[in-house]
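Just so it is clear, the values below take in all heavy atoms, side chains as well, and ignore hydrogens, waters and symmetry mates. A note on names: the letters A, B, ... follow the listed sequences, proteins ahead of strands, and every chain is numbered from 1. Predicted model only: the values in this text are computed from it and were never measured.
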Amino acid sequence: MPLNPQAKALWDQIRDPNCEACPLHESAQTVCLVGDGPVPARYMVVGEAPGYREDEVEKPFAGKSGQFLDEVLEQVGLSRKDAFISNVAKCRPPANRTPTRTELKACRPYLDAEIEAVKPELILLVGNAALNLIKKSGITKHRGEVFKYGDATVLPTVHPAAVLRNPNYDAVFRTDLATFSRMVRGEPGATPTRTFLVRNPRALTATCRSILTAPAVAYDLETTGTEEYEEDAKIVTVGISPKPGIAFVVPIHHPESRWKDPDKVLRAIGHALMFTKAKVIAHNAKFDDRWMTQFDIPIHSDFDTMIAAHLLDENRFKSLKFLAQLILGVDPWADVDLGGGGALTTALSKLARYNAKDADYTLRLYYHFREELTSTGNERTLRLFVKLLMPASKALTTIERTGMWVDQERLLTRRLELDKRLATVDERLTELTGQKANWNSPQQLAKILFSEMDMTVWELTAKGAPSTREAVLLRLSKEHEVPKLILEWRSLSKNKSTYLDNWLELLSSDSRIRTHYKLTGTVTGRLSSGKEHQKARGINVQQVPRDKFIRGIIGAPPGWKFLEADFSQIELRIAAHYSQDPTMIRLFQLDEDIHLATAVKMTRKQPHQVEPEERKKAKAVNFGFLFGMGWRKFIDYARDNYDVEVSDIEAERFRDDFFATFTKLRAWHERQRRLVRNYSKVQSLIGRVRHLPDILSQDEEVRKEAERQAINSPVQGLASDLMLLSLSILHEQMPVDEAKIVGTVHDSILVEVRDDVVDKWSKTIKHTMENLPLKRTFGVELTVPIKVDVKVGQHWGEGELYG
DNA sequence: CACCAGGGCGCG
DNA sequence: AAAGCGCGCCCTGGTG
């Protein structure tokens, strides 16, 4: 029963203890548990569904997450007793299941009745299910946006239970509650943006003058939702903020733009940005710089607020919307709804407001991050930002624009070949199983293999269905032809859909495909690659199969060669440096192959008999043990990949052997564990930090995971930073008519080199990457030699080793 | 038609 | 005692 006397009346009035509108009534102890609190109330908090405790004591938010919610409410100056607290679902779902959309729909009348009685001005929604109130889903996307529901203003945030599980959400949750509290008290957020629409020559001149005279200026583009190189690509408006709180918005190709020559206006703004002494700031500068360059304004921003945010805390969300609320304390705002037609069909006044906010907030964030980066204790981070990340971002801007050349003839013929082979496999499968099925469907396949053909179920998926993953089918292949054919089908169909079909579709008129590299896409500092945003299509060049049939479609156009420069065994070399293991260091000084040694041990072959594929698998074993793999997983690994049954004792001995060979690895692991336990973070040789708040978790498994990450991150991060440093140095050295960088895959750099200068550039690239100026740039040195393999050919993956 | 989670698998 | 790390895309099938 509700504690609040006013809610009691409500409880009697709208509650139906015999409700059978959805299946949830079957599992709930208390059916139709309505909310609790004052009626009416100024604000409501709406959660997902009653939990175990709530069901028992008949009170919403009674468990652990409820306590946490109360705590944070208190901290932001609100009190639970002023709030009416309820849930979108009124019955407790069976253990650990969120209510379905159908169930929520059935429950809606009760919630609506509550809202009508409580008459809240503000509603805080907590958790994804609660978003159902406003017919949305995707809480991490919509949190911190404001919505209306009837007369009430609605603010969604993450669920307190999510915060308790994942500390990364803590900042988000507190920010949103602080905002909510401000809204409840009717206080405005930080200074709003004063927007000036630039629509006449005098205003344009004033804007340019402000760009030229300000110490720092932020810019932000609104564009058509296309790739910048597409035919109908247009810059719609430019937002300029020369001073916090102020932004000029210049319409360019917006239909309401009144300029006679919009391109000339863009040039005027662009030239001011190019020639100003001011620091040019942007959020995700690579995007805006690329667009400007496409329209003949080659600018490279000096300061990217997104990169700064990521470098200072790799775990937080990097969107401008989030950072502005978290750091600047501005009021929440919803992304501009561009509708079907993109920025072009959005009213100029509306578009300008958003554009202005973005530019203004970017500038304000710049002043904040500049302060943070130059404060005591952040010297190494500042150096990384200035000497490594911003130059790398500049190089990537060009690399993304260049794209990778595709051999169209190979692409077309190989695609047809795949079609033919797929048809053959399909025919044979139909013959063997006696039916037509969708071979891509794990569900249909499981039915055929395990119900109809009665094969052994070796493994279950996370959800308890019989797994049809590769390792399982491989085991079944020994006795049946069908699983073997399925594996072939999967490989062929993945090659076709993920790679060849996509490449053909995304091929530009210059026979190139393009990707987007994210400098802020991973927690370790590696690049991620793929599409620009969720709705776009795009390719990931980091997962192109090594299979020559696929990889060999990418290459260099006639008159040029394709060069791949690869850091050899870079992560092991870095681990050798960190651990100072004498055996590892000696092996690298003698230039011996550690992966080959492991492959020899596992296959019991002579070194020269080891297949490249076997060496590649040994590589995974070395990395596995190096980064904390246990002997149990090793048994699975050996079975799935080598078809070798290893006993528990053998597996343990194999692992012991590894650590007996490299005696100092254990001490290094221990040091990393100690560091992360003491400081909740670790850092790489050149100062890139990985924050690991999970080390404070109550859950031992989670803590152990953080410890393994503490071992892995400084290795993976440094390897990647060496690549980024190479990228920026090489990019500055290369004249585009001789050589151009076209891509990078973690520890390798892909370059197109003109035929007649291949020798010169092979040599220069190798030398540059093997002799990076670590001492001069970061004041540190590596105690192991760095080795780079350069391969040159006409196509990717088909090159000959240089030198 | 849009969105989402899960399964599966490509890469380093 | 037990423990690899880091990513992104395609497809299916459920749901609204």
Worksheet item: With respect to the side chain of A:Asp747, which nucleotide from C:dC9, C:dC5, B:dG12 is positioned closest?
Response: B:dG12
Worksheet item: When we call it a touch if two heavy atoms are under 4.0 Å apart, what does A:Val544 touch: a base, just sugar-phosphate, or nothing?
Response: sugar-phosphate
Worksheet item: Do you see a donor-acceptor pair shorter than 3.5 Å between the side chains of A:Ser720 and A:Arg526?
Response: no
Worksheet item: Of all heavy-atom pairs between A:Ala89 and A:Pro99, which one has the smallest distance, and what is that distance?
Response: CB-CG, 3.7 Å
Practice prompt. Would you classify A:Phe625 as touching base, sugar-phosphate or nothing, given that sugar-phosphate means primed atoms plus P, OP1 and OP2, and contacts are heavy atoms under 4.0 Å?
Written response: nothing
Discussion item. Which nucleotide wins on minimum distance to the side chain of A:Leu487, given the candidates C:dA1, B:dC9, C:dG4?
Written reply: B:dC9
Worksheet item: Contact class for A:Val541 (heavy atom, under 4.0 Å): base, sugar-phosphate, or nothing?
Response: nothing
Worksheet item: Checking only heavy atoms, does the side chain of A:Gln716 share a donor-acceptor pair with the base of C:dC5 at less than 3.5 Å?
Response: yes
Worksheet item: So what does A:Lys704 touch, heavy atoms closer than 4.0 Å: a base, only the sugar-phosphate, or nothing?
Response: base
Worksheet item: Does A:Ser497 have a side-chain nitrogen or oxygen under 4.0 Å from the phosphate oxygens OP1 or OP2 of C:dC10?
Response: no
Discussion item. I need the NE2-P distance between A:His746 and C:dC5, as an integer number of Å.
Written reply: 16 Å
Worksheet item: Base, sugar-phosphate alone, or nothing: which one does A:Ser748 contact when heavy atoms must sit under 4.0 Å apart?
Response: nothing
Practice prompt. Taking only the side-chain heavy atoms of A:Glu700 (C-beta and beyond), determine which of C:dC5, C:dA1, B:dG8 contains the nearest atom.
Written response: C:dA1
Worksheet item: Atom CZ of A:Arg551 to atom P of B:dG10: distance rounded to whole Å?
Response: 13 Å
Fill in: Sugar-phosphate, base or nothing in reach of A:Glu652, heavy atoms under 4.0 Å
nothing
Item to complete: Please state whether the phosphate of C:dG6, meaning OP1 or OP2, lies under 4.0 angstrom from any side-chain nitrogen or oxygen of A:Ser720.
Response: no
Fill in: Candidates C:dG6, C:dA3, C:dC9 - which lies nearest the side chain of A:Asn502
C:dC9
Worksheet, complete the sentence: A:Ile539 atom CD1 is separated from C:dC7 atom C1', nearest whole Å, by 15 Å
Practice prompt. Classify the ring geometry between A:Phe623 and A:Phe627 as parallel (under 30°), tilted (30 to 60°) or perpendicular (over 60°).
Written response: parallel
Worksheet item: Under 4.0 Å between a side-chain N/O of A:Arg673 and OP1 or OP2 of C:dA3, yes or no?
Response: no
Discussion item. If the test is side chain to side chain contact (heavy atoms under 4.5 Å, CB included), which one of A:Ile786, A:Ile570, A:Val788 qualifies with A:Met769?
Written reply: A:Val788
Worksheet item: Roughly how many Å is it from CZ in A:Phe623 to C1' in B:dG12, rounded to a whole number?
Response: 8 Å
Worksheet entry | cation_pi(A:Arg655, A:Trp631) dist<6.0 Å, angle<=45 | no
Worksheet item: Is there a donor and acceptor pair, one atom on the side chain of A:Lys494 and one on the base of B:dC9, closer than 3.5 Å?
Response: yes
Worksheet item: Please give, in whole Å, the distance from C:dG8 P to A:Gln543 CD?
Response: 9 Å
Worksheet item: In terms of side-chain heavy atoms of A:Glu470, which of C:dG13, B:dC9, C:dG4 is nearest?
Response: B:dC9
Worksheet item: Can you tell which of B:dG8, C:dC5, C:dA3 lies closest to the side chain of A:Arg632?
Response: C:dA3
Discussion item. What is the distance, to the nearest angstrom, from the CG atom on A:Asn128 to the P atom on C:dG16?
Written reply: 14 Å
Response to the item:
Here the distance between atom P of C:dG13 and atom NZ of A:Lys447, to the nearest Å, is 11 Å
Worksheet item: Can you find a side chain N or O atom of A:Ser529 that sits less than 4.0 Å from OP1 or OP2 on C:dG8?
Response: no
Worksheet entry | Pairing partner (Watson-Crick or G-U wobble, both distances under 3.5 angstrom) of C:dG13 | B:dC4
Worksheet item: Which atom pair, heavy atoms only, marks the closest approach of A:Ser568 to A:Arg573?
Response: O-NE, 2.7 Å
Worksheet entry | Proximal nucleotide (of B:dC9, B:dG10, C:dC9) relative to the A:Pro545 side chain | B:dG10
Fill in: Base B:dG12 paired with A:Arg526 side chain (donor-acceptor, <3.5 Å)
yes
